[in-house]
Amino acid sequence: MRPVRVRMAPSPTGFTHVGNLRTAVFNWLWARKSGGVFIWRVEDTDRSRFIEAALHDFRDSLVWLGIEPDEGPFSGGDFGPYVQSERLDKYREAAERLLASGDAYRCFCPPREDGAGAADPTSGGEGGSTGHGGYDRRCRDLAPEVVTERLAQGAPFTIRLRMPLEGSLTLQDAIHGQLEWHAENFNDPIIMKSDGFPTYHLAVCVDDAAMEISHAIRADEWMGSSPYHIVINRALGIEPPTYVHVPMVLNPDGRGKLSKRKTVKYGVAASDDSSSPVGHGVAMVQAREFRAAGYLPEVMFNYLALLGWSYSGDEELFTPEQAIARFQLEDIHKSGARWDPEKLDWMNGHYIRALAVDDLAERIRPFLADAGFTPEDDAVLAGIAGLVRERITTLSEAPGWVEWLWREVEPTATDLVQPKLGVQGSAAGIAAAADGLAALEPWTAESIETVLRSLADSLGVKAGPLFGPIRVAVTGGGVAPPLFDSLALLDQAVVVARLRAAHALLADTEGLETVDGA
RNA sequence: GCCCCCAUCGUCUAGGGGACUAGGACGCCACCCUUUCAAGGUGGAAACCGGGGUUCGAAUCCCCGUGGGGGCACCA
C-alpha cells in the first residue's frame, strides 16, 4: 500500500472553472481522508495558451475554498519543480528511452492542415468537416537510413507512441471497474511536439511517476486517453497510479459540459424574477465570479462535493471535516451531474441565515464598500446584517436592500398612497408619524414600534396599511426590510425629514384623489 | 462516422434481489404566519428509459434497444 499522493493538474489557460474545482475537491478529500498529500502541478506545456494570471487565480481559488495544496508551485515540496515547462529534461529523457526501446518513433509528417480549432465554428451542423483523427502511421516503420538522413537534413519531427496493432488494453478504474479498449481503434499519438515540448500524455505519465502519485483522480473526459498512458507507463517501467475517472459537471440542461456560453441563458432566465430588489443569476462558471457574487466558500465546497458524490441518504449539508469522515472513492458516481444554479442559491441563502450576525456583517462589509457605503460604526453594520440576513441569497445582494441608508430617496406619490387609506389618509398617517417620531427618545426599534402601533390605534386604522406609506416615505420603495429596525438604523432627523417631505409631496397632489376609487 | 462511458421524481440523489405503498433535498403548487419582501411551518403533485431474460421474487443481476455524455489536435 503506497502512501496516498494525489494531484490536481490544471493547465493555466484561463480562470479557474468550477468543474475543475470540483475535481480538486475530490482530490483534496481523498488526500485528507487517507492522510495523504494533495499536490498542485502546473501543466503548461502548451506555451501558446499560457496565461500568467491563471496561475494566481487557481491559487486564490484553492485558498478561498480552503483546500490549499501541500505541494505545488507556490508552496514548494520535495518533488519539484511543479511546473512542467521547468521539467523538460525529464520528458526528453523519457522520450529518448522510448525511442531507443522502439516504443516510440520519429514522425516527419507536417502538421494537419485542418488543424485544431481551426474548424469553422459556424459549420456546427452534421457530419462535419473535421476528419476523425486518423493518422495513417506513415512514419511508423521508416527505414533507419531514412530517419538518419532526414535528421541530417534538419527536418522537423515529432515523436509518436507506437501503440499495439492488435489485442486490447484494460484498466481497473476505481469507480468504473474494468475498462477495455481494442487495439484496432488506436492511433499513434504524438508525445513530443516538434518544438521539443511533450504533449499531455507523456508529461502526465512522467510526472505522476516522478511525483509518486498514487491516485490519478481526473475528469471522465480523460478516460479515452488512458490506453496511451497504459502503454507509456508499461514501456517506461512505471507502476501506474490508480486511475479514478470522476463524472463531469454538465450544463443545467444536460447538454454538454458546463460552459460559459451555455450557461448564459439560464443565468438570465433565472434573474427574470425581479421580485428581489437586486438582480442575480448572471452566467457564472468561474470560481472568481462566484466569489465576487458573494457565494460563501463553505457553500461552494459543500455544493461542489455534492456533484457526483453524496454525503448520506438524507443529509446534504456538511462541513469539510464531516465530508472527509465519510468520503470514499468508490462512492463517487459514474454519471455526470448537472449544474443547478437554483440549488446553489438556496444553499447559499441557507448558510447565510445560519451565520452569526457579526460574522455576516464582516462578510458583507466589502460588498457595501463596493456600493459606496462604509458604516461609521459596527453597530450599524451589524444592524444591516440583521436586516438582510433572511432576505439575501448572495452577499452581493445586501447593498440593494439598504441603499436608502446612504442615498437620497425619491418616493413617488403613487407608491406613497395606500389604497385602503386614500391620499388623505396616507398623508395624514405620514404626518402623524413624523410628529410622533420627531421627539421620540430613545431612538430604538422598540420605542419606534410602540409609537407607530399606538398611532394606528389613535388614527383608527390597521397597522399594516399605515406602515406601508411610512416605509415608502423613508426607504423610497415598497419593498424593504422590516420597518422598525430599518428606521432605527437611520438618523432620527433623517427619518422625520423624509416623512415631512413625503407628506408635502402628497399634499401637492390633489389629482391623485381619483386613484382612490380604483 | 468510429471508440468509450453512463441511465431512479424537472434537477442533485438514497437504494447494491425481498425492509419500496421507492426515501431526502432543490424547484414547483396549496395553506398557515405576516407591516412590504423574505424567512419559517404544514401539506401536496412528481421518478425506477423500453423490451427481453435470470430468480420463488428485480429499481437492484445479464442481454438488446433507445437516450444522454465524453473522446477521436504538434490542446490539455
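Here is the naming used below: chain letters follow the sequence lines, and residue numbers restart at 1 for every chain.
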Any sub-3.5 Å donor-acceptor pair from A:Arg47's side-chain atoms to A:Ser85's backbone N or O?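 Between the backbone of A:Ser85 and the side chain of A:Arg47 there is no qualifying donor-acceptor contact (under 3.5 Å).
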Atom [atom1], compared across [N] and [M]: separation rounded to whole Å:
N     : M     : atom1 : result
B:C20 : B:A58 : C1'   : 12 Å
B:A30 : B:U66 : P     : 42 Å
B:G23 : B:A19 : P     : 12 Å
B:C26 : B:C63 : P     : 38 Å
B:G27 : B:C33 : P     : 22 Å
B:C49 : B:G41 : P     : 32 Å
B:A39 : B:C29 : P     : 13 Å

Is there a donor and acceptor pair closer than 3.5 Å between the side chain of [X] and the base of [N]?
X        : N     : value
A:Ser194 : B:C74 : yes
A:Arg391 : B:C37 : yes
A:Lys343 : B:A25 : yes

Find which nucleotide of RNA chain B each of A:Glu180 and A:Pro156 is nearest to by heavy atoms, and output the residue with the more 5' nucleotide.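 So the residue in question is A:Glu180.
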Which part of the nucleic acid does [X] contact within heavy-atom distance under 4.0 Å: base, sugar-phosphate only, or nothing?
X        : answer
A:Pro482 : base
A:Phe484 : base
A:Arg353 : sugar-phosphate
A:Leu306 : sugar-phosphate
A:Gly349 : nothing
A:Pro481 : base
A:Gly464 : sugar-phosphate
A:Ser312 : nothing
A:Glu316 : base
A:His333 : sugar-phosphate
A:Ala480 : base

Does B:C28 have a Watson-Crick or wobble partner in any strand here, with both distances under 3.5 angstrom, and which is it?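 Its partner is B:G44 (Watson-Crick or G-U wobble, both distances under 3.5 Å).
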Can you tell me if the side-chain N/O atoms of [X] get under 4.0 Å from OP1 or OP2 in [N]?
X        : N     : result
A:His182 : B:C3  : no
A:Arg471 : B:U35 : no
A:Lys193 : B:A73 : no
A:Ser226 : B:C4  : no
A:Ser225 : B:G71 : no

B/S/- contact track for nucleotides 59-67 of chain B, protein heavy atom under 4.0 Å: ---------
Closest contact, heavy atoms only, A:Ser11 versus A:Glu43: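 Answer, listing the atom of A:Ser11 first, then A:Glu43: CB-O, 3.1 Å.
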Check: [X]/[Y] side-chain N/O donor and acceptor closer than 3.5 Å:
X        : Y        : result
A:Asn348 : A:Thr393 : no
A:Tyr91  : A:Asp207 : yes
A:Thr170 : A:Gln178 : no

Check for me whether the distance between the ring centres of A:Phe467 and A:Phe484 falls short of 6.0 Å. yes
Side-chain heavy atoms of A:Thr412 within contact of A:Val472, under 4.5 Å: no
Whole-Å gap separating P (B:C28) and CH2 (A:Trp346):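 It is 13 Å, rounded to the nearest whole Å.
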Look up atom OG1 in A:Thr45 and atom NZ in A:Lys193, then write down how far apart they are to the nearest 0.5 Å.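 Here the rounded value is 4.5 Å.
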